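Numbers here simply count residues along the sequence, with the first being 1. Since this is a predicted model, take the numbers as computed values, not measurements.
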Amino acid sequence: MELSEEQQEAVERASRFVAEARYVVALAGAGMSAESGIPTYRGEGGLWTRIGEPDPRAYQNFAADPKGWWERMLDRDRNPQSPERARFGNSMQDAKPNPGHYALVDLERMGKLKWTITQNVDNLHRAAGARCITEIHGNRTLLRCVRCHFRTPRDEFEVDPKDLPPRCPQCGGVIKGDGVMFGEPIPQDSLAMCIEQTNRCDCMLVLGTSGTVYPAAGFPMQAYQQGSRLIEVNVDPTPISSLVDVALRGPSGQYLPLLVTRVRQLLTATAP
Ligand code: APR
């Protein structure tokens, strides 16, 4: 990626903030996965832009008829032409992590990135090797109990089509996909961890998110108010841009490897 002098200066400033920081936390959004071939939700070509946002009462509808929800999901899994599959496509199924995901994992392994909060359900951070992570909107490869938050990989859980909805083996609660639906409260365990990590950070990387969906969109404001440095990586400006110390205006899959390479050089240069 050819950088202008101004862009090089921005990468240098961002790298110094990260190298000097004690506790870096990343907040990731759909833009992180755009270079893996997964459409974002908003803006040009976004999924919601194309097919309209889901029903804001999606969770209430699920809770009213979990059996019907499971029947439609099993139909989608069996039938590639199902309305659900047509609506959401297959992009997540075949996607692979991109250099942006791997750069974050490098930063985690260097001991610099202490935690990643991702809004993405595509599992790509974990597939790239991320360990210190909260998937605030869930993970498409997991199932979750709505009562006790028991989670299990979807492909390790036997669903009996004649006995729907499946029940939690721990508490008997209803099992659903781990993905947080519109209208569904964020699972308490995930939310508590996100708040704790935001409170601890003195530098937040805000990566590929439009900053429009709460509570995630509130974390950068919380970080700003406690005096943390904010670094945004996004192809476009967002409502968060006015708060940031440095904006790297371009693709995360290209900027994050440059940032992490420079951070590593700075840390090596200052190593005792
Ligand atoms: N690199 C960096 N940023 C990018 C890239 C890229 N290659 N491509 C797009 N972007 C930016 C867009 O400019 C936009 O600001 O990524 C952002 C994507 O915004 P959204 O589509 O709104 O995604 P996100 O912010 O993650 O949405 C939050 O909304 O519908 C819910 O649950 C869904 O988790 C999602 C939440």
Side-chain angles (χ1 to χ4, degrees), residues 1 10-11 14-15 18 24-49 88-89 91-110 112-141 178-180 190 194 197-198 201 203-217 219-220 223 230-241 244 246-261 263:
M1 179 182 178
V11 170
S15 304
V18 171
V24 179
V25 169
L27 171 67
M32 269 294 297
S33 298
E35 291 151 276
S36 295
I38 300 177
T40 57
Y41 293 100
R42 299 170 184 82
E44 198 186 322
L47 183 61
W48 302 155
T49 310
F88 292 97
S91 60
M92 283 197 192
Q93 198 152 306
D94 317 321
K96 299 277 182 288
N98 66 57
H101 295 102
Y102 290 114
L104 286 187
V105 172
D106 285 350
L107 205 57
E108 180 183 295
R109 289 175 177 163
M110 285 156 65
K112 256 296 151 190
L113 178 62
K114 302 296 186 188
W115 206 262
T116 295
I117 299 168
T118 188
Q119 300 170 85
N120 301 337
V121 298
D122 54 35
N123 194 49
L124 293 185
H125 293 281
R126 289 186 189 281
R131 290 291 170 269
C132 303
I133 182 167
T134 299
E135 293 156 313
I136 186 171
H137 294 158
N139 181 317
R140 62 182 293 278
T141 68
D178 185 40
V180 175
S190 300
C194 292
Q197 294 299 331
T198 299
C201 85
C203 178
M204 181 174 276
L205 307 178
V206 185
L207 311 170
T209 181
S210 60
T212 50
V213 173
Y214 287 79
F219 299 147
L230 288 185
I231 295 161
E232 181 177 51
V233 183
N234 196 314
V235 293
D236 290 330
T238 71
I240 294 165
S241 301
V244 304
V246 185
L248 302 180
R249 196 59 71 221
S252 47
Q254 297 184 38
Y255 261 121
L256 285 175
L258 296 174
L259 178 78
V260 173
T261 299
V263 169

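- At distances below 3.5 Å, not a single donor-acceptor pair connects side-chain atoms of Asp122 with backbone N or O atoms of Ala95.
- Looking at Val263 and Leu107, their side chains come closer than 4.5 Å, going by heavy atoms from C-beta outward.
- Of all heavy-atom pairs between Pro257 and Thr261, the closest is O-OG1, 2.8 Å.
- Cys203 approaches Val18 most closely through the heavy-atom pair SG-CG2, 4.3 Å.
- Atom-to-atom distance recorded for Ile240:CD1 and Leu230:CG is 8.0 Å, nearest 0.5 angstrom.
- Taking 4.5 Å as the limit, every side-chain heavy atom of His101 sits out of range of all side-chain heavy atoms of Ser252.
- Although no hydrogens or angles enter the test, the distance criterion places no donor-acceptor pair under 3.5 Å between the side chain of Glu232 and the main chain of Ala247.
- Checking His125 against Thr118 by side-chain atom types alone, a donor-acceptor pair falls below 3.5 Å.
- Side-chain contact between Cys132 and Thr116: absent, with no pair of heavy atoms (C-beta onward) separated by less than 4.5 Å.
- Among all heavy-atom pairs drawn from Tyr41 and Ala30, the shortest one is CD1-CB, 3.8 Å.
- The minimum heavy-atom distance between Arg109 and Ala128, with the atom names listed, is NH2-O, 4.5 Å.
- Judged purely by atom type and a 3.5 angstrom limit, Glu108 has no side-chain atom pairing as donor or acceptor with the backbone of Lys114.
- With Glu35 contributing its side chain and Pro251 its backbone, the two residues share no donor-acceptor pair below 3.5 Å.
- Using a distance-only test at 3.5 Å, with no hydrogens or angles considered, a donor-acceptor pair links the side chain of Thr49 to the main chain of Gly43.
- For the atom pair CD of Gln254 and CG of Leu259, the computed distance is 14.0 Å after rounding to the nearest 0.5 Å.
- The closest side-chain heavy-atom distance from Met204 to Ile231 is not below 4.5 Å.
- At least one donor-acceptor pair under 3.5 Å links the side chain of Ser241 to the backbone N or O of Thr238.
- Taking the side chain as every heavy atom from C-beta outward, Pro99 and Leu256 never approach each other to under 4.5 Å.
- The shortest heavy-atom contact between Leu207 and Ala26 is CD1-CB, 4.0 Å.
- Residue Ile38 holds its CD1 atom at 11.0 Å from CG of Leu47, rounded to the nearest 0.5 Å.
- With hydrogens and angles disregarded, a donor-acceptor distance shorter than 3.5 Å links the side chain of Ser36 to the backbone of Lys96.
- Residues Arg249 and Pro237 form a side-chain contact, since some pair of their non-hydrogen atoms from C-beta on lies under 4.5 Å apart.
- Within the 4.5 Å cutoff, no side-chain heavy atoms of Leu248 are placed close to those of Asn234.
- At distances below 3.5 Å, at least one donor-acceptor pair connects side-chain atoms of Asn98 with backbone N or O atoms of Met32.
- Ile136 has its side chain within reach of Phe219: a pair of non-hydrogen atoms, C-beta onward, lies under 4.5 Å apart.
- Separation of atoms SG (Cys201) and CG (Leu113) is listed at 10.5 Å; rounding is to 0.5 Å.
- The distance from atom CG of Asn123 to atom CG of Asn139, rounded to the nearest 0.5 Å, is 4.5 Å.
- Using a distance-only test at 3.5 Å, with no hydrogens or angles considered, a donor-acceptor pair links the side chain of Thr40 to the main chain of Arg42.
- With respect to the salt-bridge test (charged N to carboxylate O, under 4.0 angstrom), the residues Glu135 and Arg126 qualify.
- To the nearest 0.5 Å, the span separating CH2 on Trp115 from OG1 on Thr134 amounts to 5.0 Å.
- One N or O on the side chain of Asn120 and one on the backbone of Gly29 form a donor-acceptor pair closer than 3.5 Å.
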